[in-house]
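Report on the following structure.
Bear in mind the structure is a predicted one, so any value in this text is a computation, not a measurement.
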Amino acid sequence: MVDRVRVVIAEDSVLLREGLTRLLTDRGHDVVAGVGDAEALIKVIGELADEGALPDVVVADVRMPPTHTDEGVRAAVRLRRDHPSVGVLVLSQYVEEQYATELLAGSSRGVGYLLKDRVAEVREFVDAVVRVAEGGTALDPEVVAQLLGRSRKQDVLAGLTPREREVLGLMAEGRTNSAIAKQLVVSDGAVEKHVSNIFLKLGLAPSDGDHRRVLAVLTYLNS
């Protein structure tokens, strides 16, 4: 069992907001606030900070009132700057590379970007919330595919074997070595060897923290 996490939800659709709340509370987590726009999100986080009761993670829609453009992701970026201990998981109707890149820039702790369709996969969604709350990474496979596909460092990526590119994609989604091994039906040792080769070829030093290694790779690819 994972530790209970404290969550604030920012989503203008009341139906979806209530649905997310139910999904999380049914699995033992605490939804301490639910709001419908970015301004209310910033306000409630400020109030919780004043009380010394910041949440572990914020789940926010990319697009929220009043213009339904980028209010949600702007609020998420601001929260990551002002409250780096709070994880931020944003939900989007479809992949918006500019927003994903902006969110990933800066601090490498506790960040996620998922498509809303992923919420239907309840276990994966809740796992992603917990992972981000604990300082990890949760990136939608489609987001990863687009970020890797448009990398300006294709010459470097070209040096990776097909299997190493596959492992890199799974790393970027936030998966651990054990999870990658299970997905690819190989041994943990084989994955560790692939990861070491990836870092070597990309010129990156391995780190102890799984989320830091993932974001180091993404930062490199998007620099």
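- Side-chain contact between Val129 and His29: absent, with no pair of heavy atoms (C-beta onward) separated by less than 4.5 Å.
- The two residues Asp56 and Arg4 come nearest to each other via the heavy atoms OD2-O, 4.3 Å.
- In this structure, Arg123 places its CZ atom where only 12 or fewer heavy-atom neighbours from other residues, nucleotides or ligands lie under 6.0 Å away.
- Annotation: side chain of Lys43 is not in contact with side chain of Val35 (no heavy-atom distance under 4.5 Å).
- A salt bridge links Asp61 with Lys116: the distance from a Lys NZ or Arg NE/NH1/NH2 to an Asp or Glu carboxylate oxygen falls below 4.0 Å.
- Judged by distance alone, the side chain of Arg6 and the main-chain N or O of Asp30 form no donor-acceptor pair under 3.5 Å.
- Val111 has its side chain out of reach of Val88: every pair of non-hydrogen atoms, C-beta onward, lies at least 4.5 Å apart.
- Proximity of Glu124 to Leu114: side-chain heavy atoms (C-beta onward) are nowhere separated by under 4.5 Å.
- Across all their heavy atoms, Val44 and Ala33 have their closest contact at CG2-CB, 3.8 Å.
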Assess whether side-chain contact (heavy atoms from CB on, under 4.5 Å) is satisfied between Ile9 and Leu24, documenting all intermediate values. CA-CA 10 Å; Ile9 298 174; Leu24 292 167; 4.2 Å; yes
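- Checking side-chain atoms of Asn177 against main-chain N and O of Val191 turns up no donor-acceptor pair under 3.5 Å.
- The number of heavy atoms from other shown groups lying within 6.0 Å of CD (Glu39) does not exceed 12.
- Leu41 and Ala60 get closest at one heavy-atom pair: CD2-CB, 4.3 Å.
- Salt-bridge check for Arg74 with Glu71: failed, with every basic side-chain N at 4.0 Å or more from each acidic carboxylate O.
- Taking 4.5 Å as the limit, every side-chain heavy atom of Thr161 sits out of range of all side-chain heavy atoms of Asn197.
- Counting heavy atoms from C-beta on, the side chains of Arg163 and Val186 come closer than 4.5 Å.
- Remark: the backbone N or O of Ala40 is paired with a side-chain donor or acceptor of Asp37 at under 3.5 angstrom.
- No side-chain donor-acceptor contact under 3.5 Å links Arg118 to the backbone of Phe125.
- Proximity of a side-chain donor or acceptor of Arg27 to a complementary backbone N or O of Leu23 within less than 3.5 Å is detected.
- A single hydrophobic cluster is not seen to contain both Leu79 and Met64; linkage of ILVMFWY side chains at heavy-atom distances under 4.5 Å, directly or through other members, places them apart.
- Contact record, Leu48 with Val32: CD1-CG2, 4.2 Å, taken as the closest heavy-atom pair.
- Considering only heavy atoms from C-beta on, Leu170 comes within 4.5 Å of Leu184 through its side chain.
- Ala128 and Ala138 get closest at one heavy-atom pair: CB-CB, 3.7 Å.
- Looking at heavy atoms from C-beta onward, Val31 lies out of side-chain contact with Pro55 at the 4.5 angstrom threshold.
- Heavy-atom neighbours of Arg22 CZ from other residues, nucleotides or ligands within 6.0 Å: at or below the threshold of 12.
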